[in-house]
Amino acid sequence: MRTRISELLTHAKSGQGCELAGWVRSVRTSKEMAFISLNDGSNLAGIQIVADHKLANFADIARLGTGAALGVTGRLVESPASGQAWELAAEEIRIIGAADENYPLQKKRHSFEYLRSIAHLRPRSNTFGAVFRLRSRLAQAIHRFFNERGFLYVHTPIITASDCEGAGELFRVTTLDAASPPLVEGQPDFGQDFFGQRTGLTVSGQLEGELFSLAFSDIYTFGPTFRAENSNTARHASEFWMIEPEMAFADLSDDADLAEQFVKYLCRFALDECSEEMAFFDKHIENGLLERIRTVAEADFGRMDYSNAIDRLQRSGVSFAFPVEWGLDLQTEHERYLSEQVVGGPVFILNYPKAIKAFYMRQNADNRTVAAMDLLVPKVGEIIGGSQREERLELLELRMDELGIGKEPLWWYLDSRRWGSCPHAGFGLGFERLVMYLSGMENIRDVIPFPRTPRHAEF
RNA sequence: UCCCCAGUAGCUCAGUCGGUAGAGCAGGUGGCUGUUAACCACCUUGUCCGUGGUUCGAGUCCGCGCUGGGGAGCCA
């Protein structure tokens, strides 16, 4: 039966008979023979098919265009020419699905912008083949990492009624008639909606994740999240995947330890188990990528208080575009400077001013900072954000009051602090940003199979 | 949402000072006994994003619109 090309090459034996199927990347013909570069998506290089002119349908084969689907029966032989170790001497080539000259993908470089417009075909290209193989394997590696450490994988809800985190605009979920919804006091009456209240797509599974960590000790979520923000940048999508571990009986330092292990594990994994893709990215997408990832995999991550970071930035003598002052958030230029110039590697910035961080973060004894952390890495800046959560009910309620966050809709969250509350901490990581970081790809739209961004939901 | 930049052949792009567009690739035909995004020869392909204006004349200058990209804000 059909063998996948990567599998065939892994266990290659001279003279081995086999059957392959895949898509044509290029055909080179001469009078006596044709060379077909065939790819089935299982690896980057594909395999070279050698077709002799004695094949019954040689004339058809010689006219094959890029993109056609073929079934090939033949024998694996050591290639007499340089360029590949093995090739397949074809005994039979079946044209399963032809591709005419209008096939939009050509055997040459295309712009990413153009490839985005043919997102249904771009996975057949080298770059996107490599990106989506890496993405798939990374997803598996993330599960493996947490599974090895005994973390419970929890599926937090995608439809939610809690809109309270303020983590960006919510997509509404409703079955009300948009043209003429039932009204109460001139406003749509969501009491008559499907769920009997306003609902939307989740912006984060963290709050529900915390509840599970207070039962299973160590948990993680890994699922889609949605933001209806009209942000049009290379780093934002309306639909993206997020990883959010949460540990009970853990503080900010434990949280940073986990994040450090996690990032190093994934760097190591990409280098070791996706080496063909990583070498491709290093050569064609970002020169020096391998070196950059290797450095991170082996580094001891630095740790620095926010106050200290501000001090270092102010004394740097560098003139930044944005002001540096205690109480202001760090901009990307500051984050990169700290990571690249001050530390020379990944660094956690700890204990941020409470005014610029979320309500659920644990207040420190100094009464002006919270136990928050950001992991900054060279080239991109922030890659992970996390915190120790406020486990003390009175302080949490006080903080919600200060920020005007309604306690009623979050009664269940507050309940978790009422009975058996304990210190706990976690972090969040955007999966696409991880894929970007490890591949060197610079646009989030090029690491999601079918990206959703403002005004774009095709495919 | 704001600020910049771009839009020319199926694709990647060039187009000088305003004078009605041309390279490579793709496609076609022929050649080639081992090619590597093969090579060699010949051939085909245009609503120059749309719209209004300036001008004897606009791909080129100006206004508006659409689309794409980059940056910012927001964030993951």
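Side chains are part of it too, since the values below use all heavy atoms of this structure and drop only hydrogens, waters and symmetry mates. So that the names make sense, note that chain A is the first sequence line, chain B the second, and so on, each numbered from 1.
- The nucleotide B:C42 finds its pairing partner in B:G28, both defining distances of the Watson-Crick or G-U wobble pair being shorter than 3.5 Å.
- If you check every strand for non-hydrogen atoms under 4.0 Å, A:F112 touches nothing.
- Side-chain proximity of A:A234 to the nucleotides B:G73, B:C74, B:G71 is greatest for B:G71.
- With a 4.5 Å cut-off on side-chain heavy atoms, A:H110 and A:L105 count as touching.
- Within the shown strands, B:U67 is the pairing partner of B:A6 under the Watson-Crick or G-U definition, both distances less than 3.5 Å.
- Close to B:G70, at under 4.0 Å from its OP1 or OP2, lies a side-chain N or O of A:R445.
- A:E113 comes within 4.0 angstrom of the backbone, heavy atoms only, and of no base.
- Salt bridge status for A:D282 with A:R292: absent, with no side-chain N to carboxylate O gap under 4.0 Å.
- Comparing the same atom, C1', in B:U60 and in B:A21 gives a spacing of 12 Å after rounding to whole Å.
- Residue A:Y114 is classed as a sugar-phosphate contact, given heavy-atom separations below 4.0 Å to backbone atoms only.
- The residue A:H53 sits apart from the nucleic acid: no heavy atom pair falls under 4.0 Å.
- Here the side chain of A:N230 is nearest to one of B:C74, B:A37, B:U1, namely B:U1.
- Within 4.0 Å (heavy atoms only), A:I444 reaches at least one base atom of the nucleic acid.
- Remark: A:R149 fails to qualify as a cation-pi partner of A:Y220 under the 6.0 Å distance and 45° angle criteria applied to the six-membered ring.
- In B:U60 the O4'-C1'-N dihedral to the base is more than 90° from 0, which defines an anti nucleotide.
- Base engagement by A:S82 is indicated by at least one non-hydrogen atom pair under 4.0 Å involving a base atom.
- Within the 4.0 angstrom heavy-atom criterion, base atoms lie near A:S79.
- Taking the C1' atom of each, B:C3 and B:G19 are spaced 37 Å apart, rounded to whole Å.
- Here, B:C61 and B:U16 have their C1' atoms 16 Å apart, quoted to the whole Å.
- Residue A:Q84 places none of its side-chain N or O atoms closer than 4.0 Å to OP1 or OP2 of B:G34.
- If you check every strand for non-hydrogen atoms under 4.0 Å, A:H110 touches sugar and phosphate atoms only.
- The C1' atoms of B:U67 and B:G15 are separated by 23 Å, rounded to the nearest whole Å.
- Among the atoms of the strands shown, none is found under 4.0 Å from any heavy atom of A:D100.
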A:S307 and A:D305: CA distance, side-chain angles, deciding distance, side-chain hydrogen bond (donor to acceptor under 3.5 Å, both in side chains) verdict: CA-CA 5 Å; A:S307 301; A:D305 263 20; 5.6 Å; no
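- Among the protein residues, A:R116 comes within range of the sugar-phosphate backbone only, with heavy atoms under 4.0 Å from sugar or phosphate atoms but none that close to a base.
- Between A:L64 and A:F35, the residue anchored nearer the 5' end of RNA chain B, judged by the nucleotide with its closest heavy atom, is A:L64.
- Nucleic acid contact for A:T233: base, since at least one base atom lies under 4.0 Å from a heavy atom of the residue.
- The separation of B:G53 from B:G69, taken at their P atoms, amounts to 32 Å, rounded to a whole angstrom.
- In summary, the side chains of A:R227 and A:T225 do not present any donor paired with an acceptor at a separation below 3.5 Å, with no hydrogens or angles considered.
- Base pairing annotation: B:A23 forms a Watson-Crick or G-U wobble pair with B:U12, both donor-acceptor distances under 3.5 Å.
- Using atom C1' as the reference point in both B:A58 and B:C48, the two lie 11 Å apart (nearest Å).
- For the pair A:N232 and B:G71, the criterion of a side-chain N or O lying under 4.0 Å from OP1 or OP2 is not met.
- Between A:S111 and B:U12 there is a side-chain polar atom (N or O) within less than 4.0 angstrom of OP1 or OP2.
- When the P atom of B:A26 is taken as reference, atom CD of A:Q106 falls 8 Å away, rounded to whole Å.
- The nearest whole Å value for the distance from the CD atom in A:E87 to the P atom in B:G34 is 13 Å.
- Side-chain N/O atoms of A:R63 include one lying less than 4.0 angstrom from OP1 or OP2 on B:U29.
- Between A:I142 and A:L434, some side-chain heavy-atom pair lies under the 4.5 Å cut-off.
- Rounding to whole angstrom units, CD of residue A:E169 and C1' of B:G73 are separated by 15 Å.
- Of the candidates B:A26, B:G34, B:C74, B:G34 carries the atom nearest the A:V50 side chain, counting heavy atoms from C-beta on.
- Within the nucleic acid shown, A:E239 has no heavy atom closer than 4.0 Å to any nucleic acid atom.
- In this structure, B:U1 forms a base pair with B:A72, meeting either the Watson-Crick or the G-U wobble geometry with both donor-acceptor distances under 3.5 Å.
- A heavy-atom distance below 4.5 Å is found between the side chains of A:E244 and A:S204.
- Annotation for A:Y103 and A:T66: closest pair CD2-O, 3.2 Å, computed over non-hydrogen atoms.
- Nucleotides B:C64 and B:U45 are separated by 32 Å at their C1' atoms, to the nearest Å.
- Rounded to whole Å, the P atom of B:U1 lies 48 Å from the corresponding atom of B:U44.
- For the residue pair A:R312 and A:Y337, no side-chain donor N or O sits within less than 3.5 Å of a side-chain acceptor on the partner.
- In this entry the distance linking CG of A:L115 with C1' of B:G68 reads 14 Å, nearest Å.
- Of the N and O atoms on the side chains of A:T453 and A:H456, not one donor lies less than 3.5 Å from an acceptor on the other residue.
- In this structure, A:A34 reaches neither bases nor backbone, as no heavy-atom distance under 4.0 Å exists between it and the strands shown.
- When only modelled atom types and interatomic distance are considered, A:Y360 and A:Q206 share a side-chain donor-acceptor pair under 3.5 Å.
- Applying the Watson-Crick and G-U wobble criteria (two distances, each under 3.5 Å), B:G59 pairs with nothing in any strand.
- Base contact: A:S231 has a heavy atom under 4.0 Å from a base atom.
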Nucleotide N/O of nucleotides 31-33 of chain B paired with protein N/O under 3.5 Å:
{"from": "B:C32", "atom 1": "OP1", "to": "A:K31", "atom 2": "NZ", "distance (Å)": "3.2"}

